[in-house]
**Q** 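A single structure is presented below for examination.
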Amino acid sequence: MKEILYSTKFVNLMASKRKGKPDWVYAHRPNAGNVVIIIPLIHKKEGEYTLFLITKRPPVVEEYGEKFCVEFPAGLVGDENSFETTDEAFKKELLEETGYEASNFKIMSENLVSSGGLTSEKSTLAVAEIFDTVKKAVPVDDGGVIIERIEVPLQDVKKFLNDIQAKGYYMCAQTLAGVYYLFG
């Protein structure tokens, strides 16, 4: 049994009630049943690349100062359209955040949780195969959250991630999972 302790448009603070008493507090997204994490696999003449976003996330900034995060493109399923499917969200978020359209998406993992003790949020990871490298849209900055987009040759991903972490950037857990599937 659960109880809403505090509610906002995008996040609810919930309490799990076992034995009739609230005994665990967690965050829940009331308007999104899933999160899509997109692992771009960009096929260029000179080789294969992936694309990372450098973001400035308000919770990280508030708690740790002016820190940046390294992420793959991602988004909520159903936050703007309650009838949106996961497949539709993959296409929409890739286009919005990168300007690219994928030839196909290959689901690599479903029901991935990043912090099961803190949030009920679950994610689906997919590799997006991108052969047409002409951008179809101008990417959004998501209200100033997305600071930069960096395309990295696949053979340089490990070095890139090591270098960016040495600079003090934070790494999203879903991004590391995505890198695992990119090379798995």
Side-chain angles (χ1 to χ4, degrees), residues 2-16 22 24-40 50-82 84 86 88-100 109-126 128 135 137-152 157 160-180 182:
K2 60 187 174 184
E3 170 185 0
I4 298 174
L5 300 175
Y6 187 78
S7 181
T8 71
K9 182 177 179 181
F10 296 107
V11 178
N12 288 347
L13 190 60
M14 307 291 293
S16 171
W24 200 282
V25 177
Y26 64 95
H28 173 74
R29 291 190 188 272
N31 61 337
N34 198 6
V35 176
V36 293
I37 310 294
I38 303 157
I39 309 157
T50 193
L51 182 145
F52 293 100
L53 302 179
I54 305 302
T55 63
K56 195 171 182 182
R57 296 286 180 184
V60 173
V61 170
E62 291 300 325
E63 294 297 323
Y64 307 111
E66 292 293 314
K67 296 291 182 181
F68 296 104
C69 294
V70 179
E71 303 178 35
F72 277 128
L76 302 174
V77 179
D79 63 331
E80 296 171 359
N81 169 6
S82 62
E84 181 178 48
T86 299
E88 290 168 339
F90 274 122
K91 293 173 187 172
K92 179 189 79 169
E93 295 296 338
L94 179 67
L95 185 63
E96 282 181 4
E97 294 189 1
T98 70
Y100 287 125
S109 180
E110 296 179 285
N111 298 322
L112 178 69
V113 295
S114 61
S115 182
L118 175 65
T119 177
S120 61
E121 182 177 270
K122 64 183 177 104
S123 302
T124 300
L125 275 83
K135 299 217 176 175
V138 175
V140 300
D141 70 356
D142 204 13
V145 169
I146 300 172
I147 305 301
E148 187 177 3
R149 289 161 187 80
I150 302 174
E151 291 185 12
V152 178
V157 166
F160 169 78
L161 294 176
N162 287 336
D163 290 349
I164 209 97
Q165 284 190 295
K167 290 181 181 179
Y169 287 38
Y170 284 52
M171 185 71 57
C172 291
Q174 294 94 331
T175 301
L176 289 179
V179 168
Y180 168 82
L182 188 61

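When a residue number appears, it is its place in the shown sequence, counting from 1. Side chains are part of it too, since the values below use all heavy atoms of this structure and drop only hydrogens, waters and symmetry mates.
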**Q** Carefully, step by step, assess Lys2 and Tyr26 under the rule side-chain contact (heavy atoms from CB on, under 4.5 Å).
**A** CA-CA 10 Å; Lys2 60 187 174 184; Tyr26 64 95; 3.7 Å; yes
**Q** If we ignore hydrogens and angles and just use 3.5 Å, is the side chain of Thr50 paired with the main-chain N or O of Val152 as donor and acceptor?
**A**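 Such a contact is absent between Thr50 side chain and Val152 backbone.
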**Q** Distance check, rounded to the nearest 0.5 Å: Glu71 atom CD versus Thr175 atom OG1?
**A**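 Rounded to the nearest 0.5 Å, the CD-OG1 separation comes to 6.0 Å.
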**Q** Out of curiosity, Thr124 OG1 to Asn111 CG, how far, rounded to the nearest 0.5 Å?
**A**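 CG of Asn111 is found 6.5 Å from OG1 of Thr124.
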**Q** Rounded to the nearest 0.5 Å, what separates atom NZ in Lys92 from atom CG in Asn81?
**A**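 Rounded to the nearest 0.5 Å, the NZ-CG separation comes out at 7.5 Å.
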**Q** Does this structure show an ion pair linking Glu97 with Arg149, if we count only N-O contacts that are shorter than 4.0 Å?
**A**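 Salt bridge flag = no for Arg149 with Glu97.
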**Q** Output yes when a side-chain donor or acceptor of Arg29 lies under 3.5 Å from a complementary backbone atom of Thr119, and no otherwise.
**A**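 No: the side chain of Arg29 does not pair with the backbone of Thr119.
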**Q** To the nearest 0.5 Å, tell me how far His28 NE2 sits from Ser16 OG.
**A**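 Here the rounded value is 13.0 Å.
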**Q** Counting N and O atoms only, with roles assigned by atom type, does the side chain of Thr98 sit under 3.5 Å from a partner on the main chain of Leu94, one being a donor and the other an acceptor?
**A**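 Yes: the side chain of Thr98 pairs with the backbone of Leu94.
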**Q** So, for Gly75 and Glu93, which heavy atoms are closest and what is the spacing to 0.1 Å?
**A**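 Closest approach of Gly75 to Glu93: CA-CD, 3.5 Å.
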**Q** Can you check side-chain contact (heavy atoms from CB on, under 4.5 Å) on Val77 and Val35, steps first, answer last?
**A** CA-CA 6 Å; Val77 179; Val35 176; over 6 Å; no
**Q** Can you name the closest pair of heavy atoms from Thr8 and Val11 and give their distance?
**A**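 Closest approach of Thr8 to Val11: OG1-O, 2.7 Å.
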**Q** Taking the side chain as every heavy atom from C-beta outward, state whether Met14 and Ser120 have any atom pair closer than 4.5 Å.
**A**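 Side chain of Met14 against side chain of Ser120, heavy atoms only: no contact under 4.5 Å found.
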**Q** To the nearest 0.5 Å, how far apart are CD1 in Ile4 and CG in Leu13?
**A**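 It is 10.0 Å, given to the nearest 0.5 Å.
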**Q** Can you confirm whether or not the ring centre of Phe72 sits under 6.0 Å from the ring centre of Phe52?
**A**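 Between Phe52 and Phe72, which both carry aromatic rings, the centre distance is below 6.0 Å.
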**Q** So how far is it from Ile39 CD1 to Leu182 CG, rounded to the nearest 0.5 Å?
**A**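 Rounded to the nearest 0.5 Å, the CD1-CG separation comes to 6.5 Å.
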**Q** Could you tell me whether the side chain of Glu96 and the main chain of Val140 form a donor-acceptor pair under 3.5 Å?
**A**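 Not a single qualifying donor-acceptor pair exists.
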**Q** Answer yes or no: is there a side-chain heavy-atom contact under 4.5 Å between Glu66 and Val61?
**A**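 Yes, side chains in contact.
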**Q** If you define the side chain from C-beta out and look only at heavy atoms, does anything of Pro73 sit under 4.5 Å from Pro40?
**A**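 They are in contact (side-chain heavy atoms under 4.5 Å apart), so the answer is yes.
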**Q** Do Lys67 and Tyr169 meet the cation-pi criteria used here (NZ or CZ under 6.0 Å from the six-membered ring centre, within 45° of the axis)?
**A**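 Not satisfied by the 6.0 Å and 45° rule.
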